[in-house]
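Just so we're on the same page: letters track the sequence lines, and every chain starts at 1.
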Protein chains: 2
Amino acid sequence: MPGSVPRIVMKFGGTSVGDLERIKAVAERVKKQKDAGCDVLVVVSAMAGETNKLVGYCDALSDLHDAREYDSIVATGEQVTSGLLAIALQKIGVAARSFAGWQVPIRTDSVHGKASLDTIDGERLLGCMAEGIVPVVAGFQGVGPDGRVTTLGRGGSDTSAVALAAAIRADRCDIYTDVDGIYTTDPRIVAKARKLEKITYEEMLELASVGARVLQTRSVGLAMRERVRVQVLSSFEDGPALVEGELPGSLVVDEDEIVEKKLVTGIAYSRDEAKLSVRRIPDRPGIAAAIFGPLSEANVNVDMIVQSTGADGTTNMTFTTSKSDLPRAISTLESMRHAVQYEELATDADVVKISVVGTGMRSHTGVAATMFRTLSERSINIQVISTSEIKVSVLVSAEYAELAVRALHTAYGLDDV
Amino acid sequence: MPGSVPRIVMKFGGTSVGDLERIKAVAERVKKQKDAGCDVLVVVSAMAGETNKLVGYCDALSDLHDAREYDSIVATGEQVTSGLLAIALQKIGVAARSFAGWQVPIRTDSVHGKASLDTIDGERLLGCMAEGIVPVVAGFQGVGPDGRVTTLGRGGSDTSAVALAAAIRADRCDIYTDVDGIYTTDPRIVAKARKLEKITYEEMLELASVGARVLQTRSVGLAMRERVRVQVLSSFEDGPALVEGELPGSLVVDEDEIVEKKLVTGIAYSRDEAKLSVRRIPDRPGIAAAIFGPLSEANVNVDMIVQSTGADGTTNMTFTTSKSDLPRAISTLESMRHAVQYEELATDADVVKISVVGTGMRSHTGVAATMFRTLSERSINIQVISTSEIKVSVLVSAEYAELAVRALHTAYGLDDV
């Protein structure tokens with residue numbers, strides 16, 4: 001994959017290109033990377049605030065607007081940034097040209113507003129780079145089968161960058177953002193949180209899905225499938241050109257690339273949780289289907305599920321949803337009270353989900369036991385438990401969130417000493 | 001040309017779509033025209049102020065920016081408006097869809113920032129209209145031979161509208177603007193100026209070129225070649241759907257369509273004039289070439305020219321340029337003082353050009369004589385005279401501008417009584 005000249009994708013988010021001064025700073029950084037002997041392709045978001053402004057226009061005109069028109073309008077934000085950065089690069093002597101999604105072309109399906117990438121033709125971009133020209137591609141957008149502009153949905157610029165990195169077989173995809181890397185946990189809660197040099201795709205996926213929103217989940221999944229090495233780093237720190245072995249950010253890579261494997265890589269938490277308990281259901285086959293079928297039809301996303309049987313032969317079903325799905329979940333459950341014949345519906349939005357993530361769990365036991373013992377020692381009551389191959393999650397009362405995260409961070413030896 | 005269903009192009013400029021409320025008002029107007037049984041195609045400019053903002057970004061990043069990037073950036077303004085208007089139309093029950101220049105496609109040459117229209121494929125637009133959908137086309141833009149976005153230069157939306165009207169063989173191209181028509185002269189100077197019901201392409205071209213900037217000159221020339229009937233009317237007045245015979249604006253049409261021909265149609269004036277006199281040049285063949293060759297090479301646009309020979313055998317050359325060309329003209333003339341051996345260079349920017357325009361002049365004499373007599377009666381000294389088939393222009397001291405225009409307006413019987 002890597003040729004003699006390293007091929008790097010550099011992606012800059014909305015705050016990184018928020019005004020003309022920041023665009024000039026980005027140009028300087030791109031120049032530095034190019035001058036260090038790399039072939040560079042740049043992907044940009046819209047200037048911070050632009051997308052919201054354009055979305056606001058659409059919303060103000062019609063609450064149910066045509067998603068095809070929405071896409072055509074909103075995609076202009078990235079088109080403007082790509083042109084401006086090309087001009088800023090030329091101004092400091094770097095040959096560059098902008099590409100809108102349809103010019104690459106970046107082909108997508110026709111699900112406007114939330115399109116999925118289909119194929120990216122990398123030939124024009126590679127041709128451009130072979131002539132020493134830096135392509136500056138508008139992120140977040142593509143073109144549908146009928147030739148209309150599509151967008152990938154919020155955060156889609158990360159996905160654009162990873163997909164473009166795959167299309168041009170890049171050695172690395174650097175995602176410049178407003179944090180300087182991925183941490184063992186939220187540094188706002190745990191002062192001793194450490195920046196991770198490397199993390200696996202699987203771990204990143206689990207962390208992203210429970211609230212560590214540094215990278216969009218979709219982009220991590222794509223990077224894993226396409227084996228694109230992704231670096232998360234800060235666009236606000238100035239430094240030298242980046243060379244392998246001295247990278248300042250956090251690398252998201254394949255497990256093979258990680259020599260020193262840890263049992264636990266990070267502790268994540270999510271406050272966007274609500275607990276529902278359906279109590280005293282006459283126990284009979286098909287209860288789960290009777291409850292979760294209608295919830296799914298009502299677009300309620302159910303996460304953790306625990307079923308328990310009481311001494312009286314009735315069953316209790318406890319599960320979690322996001323806070324925004326709670327009202328819809330309640331009305332759906334109330335409408336099935338007669339059909340399911342449950343006695344009581346209890347809800348609690350004052351909960352937090354805490355997750356311990358690490359690929360090391362696959363080969364080591366005792367991770368869950370350490371978690372339960374640590375929480376028990378602080379008298380933190382565990383309400384629901386769920387596990388995956390590389391993650392253990394528990395639901396606890398919201399008031400214990402910080403205490404639990406700090407205690408677990410220490411217990412798994414993650415503190416920066 | 002006209003089928004059973006009238007086919008109308010409606011073009012709205014920047015102030016007509018300046019904010020969301022105005023875009024909604026435009027949608028209502030389009031609906032009215034469509035409900036009256038017309039097939040409608042809409043062309044829009046960027047929201048007022050947007051183009052200037054984007055141009056400002058480009059200028060701030062680089063004084064000599066890449067025109068291809070400039071085009072890609074600036075063209076987003078019209079793209080946004082076309083999408084927003086399509087949403088506003090759908091909201092009130094009118095099927096509509098936006099088209100960027102490249103989606104039509106509107107093909108141009110590759111002179112970025114000032115591209116000329118090449119071909120417009122009207123088939124997709126006609127297909128759209130046949131399905132009852134109103135196409136909303138982004139004006140001012142197209143796509144070059146290499147697939148990059150081009151713009152037609154300032155005011156190019158009028159040209160887009162006329163070219164699209166030709167491509168779909170429209171019965172009429174209605175240009176909605178901030179004035180309600182074309183007047184016999186500037187109503188700010190002559191209170192009795194009358195709105196013209198009809199004016200020929202040739203007259204409109206002459207009026208446009210001397211300062212009555214209602215329609216861009218290029219668009220009028222194109223309308224003349226393609227025989228597109230153009231109506232200029234106000235977007236700020238609300239009225240019923242427009243039907244032939246009861247049009248509220250001014251129609252720019254072929255001479256054949258005008259039954260009642262007037263000797264003089266209008267009086268125009270231009271303050272953007274400067275006079276240069278090169279005095280006492282030794283008379284010999286080739287003087288004109290020696291002077292005007294270098295001026296042309298220096299991109300100085302020369303308009304009126306008068307050559308006079310003195311009693312001493314020397315020649316004087318007097319001519320006019322635009323005020324902005326004056327400094328370049330002076331430096332060019334000074335650099336040729338030795339070669340041409342003239343004695344004196346005099347300049348005067350305190351002049352105004354007044355023109356009397358009318359196709360009736362072709363068949364009637366005495367138009368120029370009336371002009372000279374009228375000005376003479378007011379003791380207005382004529383400095384330079386030039387004539388074309390349907391125009392007589394004079395250069396006079398700027399202080400007489402209003403007096404001269406008013407006197408001529410009355411003399412040719414144009415006053416509204």
Side-chain angles (χ1 to χ4, degrees), chain A residues 17 19-21 23-24 27 46-47 50 53-54 56-93 95-100 102-105 124 133 136 138 143-144 146-149, chain B residues 17 19-21 23-24 27 46-47 50 53-54 56-93 95-100 102-105 124 133 136 138 143-144 146-149:
Chain A
V17 291
D19 57 39
L20 297 181
E21 287 313 308
I23 288 173
K24 285 186 207 172
M47 295 167 80
E50 276 302 306
K53 187 190 82 177
L54 296 169
Y57 284 169
C58 295
D59 288 344
L61 284 175
S62 172
D63 34 5
L64 277 169
H65 45 251
D66 186 341
R68 297 166 297 189
E69 300 302 344
Y70 169 95
D71 278 358
S72 169
I73 293 164
V74 171
T76 60
E78 284 73 19
Q79 193 178 325
V80 168
T81 319
S82 63
L84 292 177
L85 181 55
I87 288 176
L89 283 165
Q90 292 172 359
K91 173 76 175 177
I92 57 174
R97 76 159 275 195
S98 67
F99 283 89
W102 62 271
Q103 289 175 317
V104 171
R124 291 188 74 176
I133 299 166
V136 184
V143 60
D146 58 353
R148 297 190 73 166
V149 173
Chain B
V17 292
D19 58 39
L20 297 182
E21 287 313 308
I23 288 173
K24 285 186 206 171
M47 293 166 81
E50 275 303 305
K53 187 190 81 179
L54 296 168
Y57 284 168
C58 295
D59 288 344
L61 284 175
S62 173
D63 35 5
L64 277 169
H65 46 250
D66 186 341
R68 295 166 299 190
E69 299 303 344
Y70 169 94
D71 278 358
S72 170
I73 292 164
V74 171
T76 61
E78 283 73 19
Q79 193 178 326
V80 168
T81 319
S82 63
L84 292 178
L85 182 55
I87 289 176
L89 282 166
Q90 292 172 358
K91 174 75 174 177
I92 57 171
R97 77 159 275 195
S98 68
F99 283 88
W102 62 271
Q103 290 176 316
V104 171
R124 290 187 75 176
I133 299 165
V136 184
V143 60
D146 59 353
R148 296 190 75 168
V149 172

To check you understand the geometry: which heavy-atom pair defines the closest contact between [X] and [Y], and what is its length?
{"X": "B/Cys58", "Y": "A/Ile87", "result": "SG-CD1, 4.0 Å"}
{"X": "B/Arg124", "Y": "A/Asp146", "result": "NH2-O, 3.9 Å"}
{"X": "A/Val149", "Y": "B/Gln103", "result": "N-NE2, 3.9 Å"}
{"X": "A/Lys53", "Y": "B/Lys53", "result": "NZ-NZ, 3.4 Å"}

Heavy-atom distance under 4.5 Å to chain B: side chain of A/Val136, backbone, both or neither?
->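 Neither part, no heavy atoms under 4.5 Å.
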Is it the backbone or the side chain of A/Leu54 that comes under 4.5 Å from a heavy atom of chain B, or both, or neither?
-> side chain
Value rounded to 0.5 Å, distance of [atom1] in [X] from [atom2] in [Y]:
{"X": "A/Leu20", "Y": "B/Asp59", "atom1": "CG", "atom2": "CG", "answer": "10.5 Å"}
{"X": "B/Asp66", "Y": "A/Gln90", "atom1": "CG", "atom2": "CD", "answer": "4.0 Å"}
{"X": "B/Ser62", "Y": "A/Leu89", "atom1": "OG", "atom2": "CG", "answer": "11.5 Å"}
{"X": "B/Met47", "Y": "A/Tyr57", "atom1": "CE", "atom2": "OH", "answer": "4.5 Å"}
{"X": "B/Glu78", "Y": "A/Thr76", "atom1": "CD", "atom2": "OG1", "answer": "11.0 Å"}
{"X": "B/Asp63", "Y": "A/Lys91", "atom1": "CG", "atom2": "NZ", "answer": "4.5 Å"}

Among the listed options B/Asp71, B/Val80, B/Thr81, the residue most often paired with chain A at heavy-atom distances under 4.5 Å |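 It is B/Val80.
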Who wins among B/Ala96, B/Ser72, B/Ala88, B/Ala60 for the most heavy-atom pairs under 4.5 Å with chain A?
-> B/Ser72
So, do A/Arg97 and B/Glu69 sit near enough that their side-chain heavy atoms are less than 4.5 Å apart?
-> yes
Determine whether A/Leu61 and B/Lys24 make a side-chain contact, defined as any pair of heavy atoms from C-beta on separated by less than 4.5 Å.
->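 Yes - at least one pair of side-chain heavy atoms lies under 4.5 Å apart.
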Checking B/Gln79 side chain against A/Ile73 main chain: does a donor-acceptor pair fall under 3.5 Å?
->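 The answer is no, because no donor-acceptor pair under 3.5 Å joins these two groups.
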Is it the backbone or the side chain of B/Asp19 that comes under 4.5 Å from a heavy atom of chain A, or both, or neither?
-> neither
